[in-house]
Amino acid sequence: MKDVNNTRNARETFEYARKLGMKSRPGEVYCLNGDLGVGKTVFAQGFADGVGVTDTVNSPTFTIVQVYDDGRIPLYHFDVYRIGDPEEMYEIGYDEYVSGDGVCLIEWADIIKDILPPAYISVLIEKDDPNDPDHRKISVESIGDSE
Ligand code: ADP
Ligand code: MG
């Protein structure tokens, strides 16, 4: 599966992610990549809303992972920007999260690409219109899966 979506503002990115969050299932791992300030956290906020999370979602920069338990299924929101060594992920319980009963969403997932599960959903957010600073291209693709 590959889906490319263009958004013109943060609200549209939120809405697009919200629809994916509504469809998300336990065990899925969403890997978010894209430059600083491109909209990964906006995507995470929309996704969380779709999962049914009502708590405020921000980048869990200092904790690496933030757990949201008040939605339809648990949401494990990672921001691995400050990870020095992928090994640190195991120390915070990464294995339990990816094989757990919730859905994982990992900002800056490329940093830990060596330890991603065999199947995951890649989300790449890019600014690709030099004339419109609010334009984003969002490419969503299932990796390692025949679906
Ligand atoms: P990241 O987590 O990737 O570093 P953030 O989600 O924190 O980025 O910030 C994205 C910023 O870009 C926000 O200030 C948001 O309002 C703005 N923005 C402008 N246009 C868009 C868009 N189309 N999609 C997402 N965010 C956008
Ligand atoms: Mg962020």
Side-chain angles (χ1 to χ4, degrees), residues 1-98 100 102-117 119-143:
M1 179 277 285
K2 175 146 187 182
D3 184 50
V4 179
N5 198 272
N6 292 283
T7 65
R8 288 165 298 181
N9 51 56
R11 184 72 219 169
E12 287 187 3
T13 296
F14 184 100
E15 270 307 313
Y16 177 68
R18 195 173 71 86
K19 292 196 182 88
L20 294 178
M22 287 173 72
K23 291 193 296 186
S24 67
R25 290 179 304 212
E28 285 180 336
V29 178
Y30 279 78
C31 294
L32 271 57
N33 288 294
D35 295 339
L36 192 67
V38 84
K40 297 181 294 300
T41 297
V42 169
F43 184 98
Q45 289 164 340
F47 192 93
D49 194 72
V51 170
V53 171
T54 55
D55 288 342
T56 304
V57 174
N58 289 306
S59 271
T61 306
F62 297 103
T63 50
I64 301 173
V65 62
Q66 189 73 50
V67 178
Y68 297 96
D69 262 330
D70 66 329
R72 175 176 55 82
I73 55 175
L75 172 64
Y76 310 124
H77 179 205
F78 295 79
D79 185 322
V80 301
Y81 187 70
R82 282 190 164 73
I83 281 278
D85 182 331
E87 281 299 314
E88 286 173 44
M89 291 299 283
Y90 297 115
E91 285 159 27
I92 61 154
Y94 175 65
D95 274 341
E96 284 76 14
Y97 290 119
V98 283
V103 55
C104 290
L105 212 154
I106 310 173
E107 296 192 39
W108 296 103
D110 269 359
I111 291 172
I112 59 158
K113 62 175 181 302
D114 291 344
I115 61 165
L116 291 176
Y120 61 89
I121 298 148
S122 162
V123 178
L124 176 63
I125 311 179
E126 298 165 288
K127 295 186 184 182
D128 74 336
D129 185 345
N131 299 315
D132 181 357
D134 289 347
H135 182 270
R136 300 291 188 273
K137 178 183 171 191
I138 307 175
S139 307
V140 179
E141 187 176 7
S142 293
I143 305 293

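All ligand and atom numbering here is 1-based and tracks the order in the structure. None of the values given here were measured: they were computed from a predicted structure.
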Item to check | Polar protein atoms (N, O or S) that approach the Mg ion (ligand 2) to under 2.8 Å | outcome: Thr41 OG1, Ser59 OG, Glu107 OE1
Checklist entry - Given Gly37, Ala17, Gly34, which one has a non-hydrogen atom that is nearest to atom 9 (O) of ligand 1? => result Gly37
Item to check | Check against side chain to side chain contact (heavy atoms under 4.5 Å, CB included), Trp108 and Ile83 | outcome: CA-CA 10 Å; Trp108 296 103; Ile83 281 278; over 6 Å; no
Checklist outcome for this item: for atom 23 (N) of ligand 1, nearest protein heavy atom and its distance come out as Asp134 O, 2.7 Å
Checklist entry - Does Arg136 use its side chain to pair, donor to acceptor, with the backbone of Ala10 at less than 3.5 Å? => result no
Checklist entry - Of all the non-hydrogen atoms in the protein, which one sits nearest to atom 18 (N) of ligand 1, and at what distance? => result Arg136 NH2, 3.5 Å
Next on the checklist: Using 30° and 60° as the class boundaries, would you call the ring planes of Phe78 and Tyr94 parallel, tilted or perpendicular?
Outcome noted: perpendicular
Item to check | Asp35 near ligand 1 by a heavy-atom separation under 4.0 Å | outcome: yes
Checklist entry - atom 16 (O) of ligand 1: protein heavy atom closer than 4.0 Å? => result yes
Item to check | Atoms in ligand 1 flagged as close to Leu36, the criterion being non-hydrogen separation under 4.0 Å | outcome: 4 (O)
Checklist entry - So is Glu12 in contact with ligand 1, going by heavy-atom distances below 4.0 Å? => result no
Item to check | Set of residues satisfying side-chain contact (heavy atoms from CB on, under 4.5 Å) with respect to Asp128, sequence neighbours excluded | outcome: His135, Lys137
Checklist outcome for this item: If you scan protein heavy atoms around atom 7 (O) of ligand 1, the nearest is Thr41 CB, 3.7 Å
Checklist entry - What part of Val42, side chain, backbone, both or neither, has a heavy atom within less than 4.0 angstrom of ligand 1? => result both
Checklist entry - Which residue and non-hydrogen atom of the protein lie closest to atom 21 (C) of ligand 1, and at what distance in Å? => result Ala10 N, 3.5 Å
Item to check | Enumerated ligand 1 atoms positioned under 4.0 Å from heavy atoms of Glu107 | outcome: 2 (O)
Checklist entry - What protein heavy atom is closest to atom 24 (N) of ligand 1, reported as residue, atom name and distance in Å? => result Thr13 OG1, 2.6 Å
Next on the checklist: Which option wins on minimum heavy-atom distance to atom 8 (O) of ligand 1: Ala44, Gly39, Pro133, Gly46?
Outcome noted: Gly39
